Peer 1: 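Sharing a structure here in structure tokens format.
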Amino acid sequence: MRLQFPSGVAGAGSRTRRPDPGPVAQPRGFLEKKMAIPRLRHAVRTLFEVPAALRLLSRACSTFHAFTDVLRLPKRQMTKLVFPLQELERQLTPDSRLDLHVKIFDPSLEDISKAEAVFTATSRNRISYLSSAVRLDHAPDLPSPEVCFIGRSNVGKSSLIKALFSLAPEVEVRVSKKPGHTKKMNFFKVGKYFTLVDMPGYGYRAPEDFVDMVETYLKERRNLMRTFLLVDSVVGIQKTDSIAIEMCEEFALPYVMVLTKIDKSSKGHLLKQVLQIQKFVDRETQGCFPQLFPVSSVTYSGIHLLRCFIANITGNLKTDGL
């Protein structure tokens, strides 16, 4: 008796062909996920490329501390980096350009290049932190010319000094995010050329003995060639800045106004602040150098010109620009 199998079911010795089931049905959303994979891979790749691009940009900006790299830039970009005040002057009408003193100190590119040697650490030109002091009688007694940097807390003083010393990377300049970090007078020896003094900040979290410490130094330091008074270009001259200005004026000290953080403002706002500060210098001061020095510790704008000015006023570089 032969066994009977239902239609479509193969029995022993049977080779019944199964019907073609057709395309396999994919789970819901499978195609969407499959199409999304290339986009996801691209997003991940881009995520890793962004920090790499930022590092490249950072390295590109950091190379601007060497003037040889600056000279390779297009002329307009080089002018903006080396002479930021001249770049701002371009926005003024011809009649109002007289309000800015742009070329009182006007060194050549060759002069600026020569000044780099003063700030470049070599085996023959050692640049280093020397010591700190809370009183003048504790300060190192050095015969070399001296310049000091002073400004209110959080003006970017330590960042500026670090930028000036970027050609001497072994020099440790402590930069803190907290205002009022500098509590003492910090002395940095720049080879045989000069000494730079980082003064405590005034205003917020200033040392209790700030006035006595700084006033005594400004009044009695015989080899002090120039005081660099730092002003935040974003907010302009503040009431607390009058402390340092009055000291310099009272003691008949030659000083210079350096405008920090110029990368933080729009061109319009920066120009407005610069014109206001220039007007103040012209009308309210006697010992302040007429030309302002805008700088950025981030982009190095104005840093090379400031180095050249320091080398000049300390007697280490003769230029035709002053």
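Scope of the values below: all heavy atoms of this structure, side chains included, with no hydrogens, waters or symmetry mates. Keep in mind that what you see is a predicted model, and the values were worked out from it rather than measured.
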Peer 1: Out of curiosity, Phe119 CZ to Cys308 SG, how far, rounded to the nearest 0.5 Å?
Peer 2: 9.5 Å

Peer 1: Under the side chain to side chain donor-acceptor pair (under 3.5 Å) rule, what do Tyr193 and Asn125 come out as? Steps first, then yes or no, please.
Peer 2: CA-CA 9 Å; Tyr193 298 112; Asn125 184 37; 5.1 Å; no

Peer 1: Got a sec, which residues hit side-chain contact (heavy atoms from CB on, under 4.5 Å) with Thr314, two or more places apart in sequence or on another chain?
Peer 2: Pro145, Val147, Phe194, Ile310, Asn316

Peer 1: For Cys288 versus Val281, what's the shortest heavy-atom pair and its separation?
Peer 2: SG-CG1, 3.9 Å

Peer 1: Flag the pair Arg76 and Glu87 as a salt bridge only when some basic side-chain nitrogen lies within less than 4.0 angstrom of an acidic carboxylate oxygen.
Peer 2: yes

Peer 1: So Phe165 and Phe188, ring pair (Phe, Tyr, Trp, His ring centres under 6.0 Å) or not? Walk me through it.
Peer 2: CA-CA 10 Å; Phe165 286 154; Phe188 296 87; 5.7 Å; yes

Peer 1: Heavy atoms only: give me the nearest Ile104-Gln291 pair and the separation to one decimal.
Peer 2: N-OE1, 3.0 Å

Peer 1: Return the OG1 to CZ distance between Thr120 and Phe67, rounded to the nearest 0.5 Å.
Peer 2: 12.5 Å

Peer 1: Could you walk me through whether Leu306 and Leu160 pass the side chain to side chain contact (heavy atoms under 4.5 Å, CB included) test, one step at a time?
Peer 2: CA-CA 10 Å; Leu306 186 58; Leu160 173 58; 4.2 Å; yes

Peer 1: Testing the basics here: between His101 and Leu85, what is the closest heavy-atom pair and its distance to 0.1 Å?
Peer 2: O-CD2, 3.7 Å

Peer 1: In terms of the angle between their ring planes, are Phe309 and Phe105 parallel, tilted or perpendicular, with boundaries placed at 30° and 60°?
Peer 2: perpendicular

Peer 1: Would you find a donor on one side and an acceptor on the other, under 3.5 Å apart, between the side chain of Glu146 and the backbone of Asn223?
Peer 2: no

Peer 1: Verify salt bridge (charged side-chain N to carboxylate O under 4.0 Å, His left out) between Lys279 and Asp99, making sure each step is shown before the conclusion.
Peer 2: CA-CA 8 Å; Lys279 185 181 295 185; Asp99 296 337; over 6 Å; no

Peer 1: Check this for me: does any side-chain nitrogen of one of Asp232 and Arg152 sit under 4.0 Å from a carboxylate oxygen of the other?
Peer 2: yes

Peer 1: Say whether, by atom type as modelled, one donor and one acceptor occur between the side chain of Ser233 and the main chain of Thr260 under 3.5 angstrom.
Peer 2: yes

Peer 1: Determine whether Met213 and Arg135 satisfy the following criterion, side chain to side chain contact (heavy atoms under 4.5 Å, CB included), listing intermediate values before the conclusion.
Peer 2: CA-CA 6 Å; Met213 183 196 312; Arg135 288 166 32 189; over 6 Å; no

Peer 1: Out of curiosity, Ile112 CD1 to Leu71 CG, how far, rounded to the nearest 0.5 Å?
Peer 2: 8.5 Å

Peer 1: Are Phe289 and Arg226 side-chain neighbours, meaning at least one heavy-atom pair lies under 4.5 Å?
Peer 2: yes

Peer 1: Taking atom NZ of Lys80 and atom CD of Gln86, what is their separation to the nearest 0.5 Å?
Peer 2: 14.5 Å

Peer 1: Under a 4.5 Å cut-off applied to non-hydrogen side-chain atoms, are Glu215 and Phe251 in contact?
Peer 2: yes

Peer 1: Measure from the side-chain N and O atoms of Ser166 to the backbone N and O of Ala163, and report whether any donor-acceptor pair falls under 3.5 Å.
Peer 2: yes

Peer 1: So, does Ser242 use its side chain to make a donor-acceptor pair with the main chain of Lys239 at under 3.5 Å?
Peer 2: yes

Peer 1: Just wondering, more than 12 heavy atoms not from Gln91 lying within 6.0 Å of its CD?
Peer 2: yes

Peer 1: Output, in order, the C-alpha distance, side-chain angles, deciding distance and verdict of side chain to side chain contact (heavy atoms under 4.5 Å, CB included) for Tyr217 and Leu224.
Peer 2: CA-CA 9 Å; Tyr217 171 86; Leu224 178 61; 3.6 Å; yes

Peer 1: Which heavy-atom pair separates Leu317 from Lys114 by the least distance, and what is that distance?
Peer 2: CD1-CB, 3.8 Å

Peer 1: Within this structure, what is the CZ-CG distance for the pair Arg307 and Leu167, rounded to the nearest 0.5 Å?
Peer 2: 4.0 Å

Peer 1: What distance separates Lys189 NZ from Ile127 CD1, expressed to the nearest 0.5 Å?
Peer 2: 10.0 Å

Peer 1: Does the side chain of Arg72 come within less than 4.5 Å of Asp69's, by heavy atoms?
Peer 2: yes

Peer 1: So, Gln273 side chain and Ile262 main chain: donor-acceptor pair closer than 3.5 Å or not?
Peer 2: no

Peer 1: Asp263 side chain to Val298 main-chain N or O, any donor-acceptor pair under 3.5 Å?
Peer 2: no

Peer 1: Quick one: list whatever passes side-chain hydrogen bond (donor to acceptor under 3.5 Å, both in side chains) with Ser128, sequence neighbours left out.
Peer 2: none

Peer 1: Just by modelled atom types, is the Cys148 backbone N or O under 3.5 Å from a matching donor or acceptor in the Asp198 side chain?
Peer 2: no

Peer 1: Which atoms form the tightest heavy-atom contact between Met185 and Leu136, and what is the distance?
Peer 2: CE-N, 4.1 Å

Peer 1: Is the closest side-chain heavy-atom distance between Glu284 and Ile245 below 4.5 Å?
Peer 2: no

Peer 1: Do Lys162 and Val171 have side-chain heavy atoms sitting under 4.5 Å apart?
Peer 2: no

Peer 1: Would a 4.5 Å heavy-atom cut-off, applied to side chains only, mark Leu259 and Val295 as touching?
Peer 2: no

Peer 1: With a 3.5 Å distance limit and no angle check, can you tell me whether Thr79 reaches the backbone of Lys75 through a side-chain donor-acceptor pair?
Peer 2: yes

Peer 1: Test side chain to side chain donor-acceptor pair (under 3.5 Å) on Ser297 and Tyr300; report intermediate values, then the result.
Peer 2: CA-CA 5 Å; Ser297 303; Tyr300 283 85; over 6 Å; no

Peer 1: Between Pro200 and Ile150, which heavy-atom pair has the shortest distance, and what is it?
Peer 2: O-CG1, 4.5 Å

Peer 1: Do Lys157 side-chain atoms and Met199 backbone N/O form a donor-acceptor pair below 3.5 Å?
Peer 2: yes

Peer 1: Heavy atoms, side chains only, cut-off 4.5 Å: are Tyr255 and Glu249 in contact?
Peer 2: yes

Peer 1: Less than 4.5 Å apart, side chain to side chain, heavy atoms only: is that true for Phe149 and Leu164?
Peer 2: yes

Peer 1: Please assess Asp111 against Ser108 for the test side chain to side chain donor-acceptor pair (under 3.5 Å), listing each intermediate value before the final yes or no.
Peer 2: CA-CA 5 Å; Asp111 291 333; Ser108 65; 3.1 Å; yes

Peer 1: Measure from the side-chain N and O atoms of Lys184 to the backbone N and O of Asn186, and report whether any donor-acceptor pair falls under 3.5 Å.
Peer 2: no

Peer 1: Quick one: name the residues clustered hydrophobically with Val234, using the 4.5 Å side-chain heavy-atom rule over I, L, V, M, F, W, Y, and just say none if it's on its own.
Peer 2: Val235

Peer 1: Quick one, Val256 with Leu229, criterion side chain to side chain contact (heavy atoms under 4.5 Å, CB included). Give me CA distance, side-chain angles, the key distance, then yes/no.
Peer 2: CA-CA 6 Å; Val256 183; Leu229 175 58; over 6 Å; no

Peer 1: Just wondering, more than 12 heavy atoms not from Arg97 lying within 6.0 Å of its CZ?
Peer 2: yes

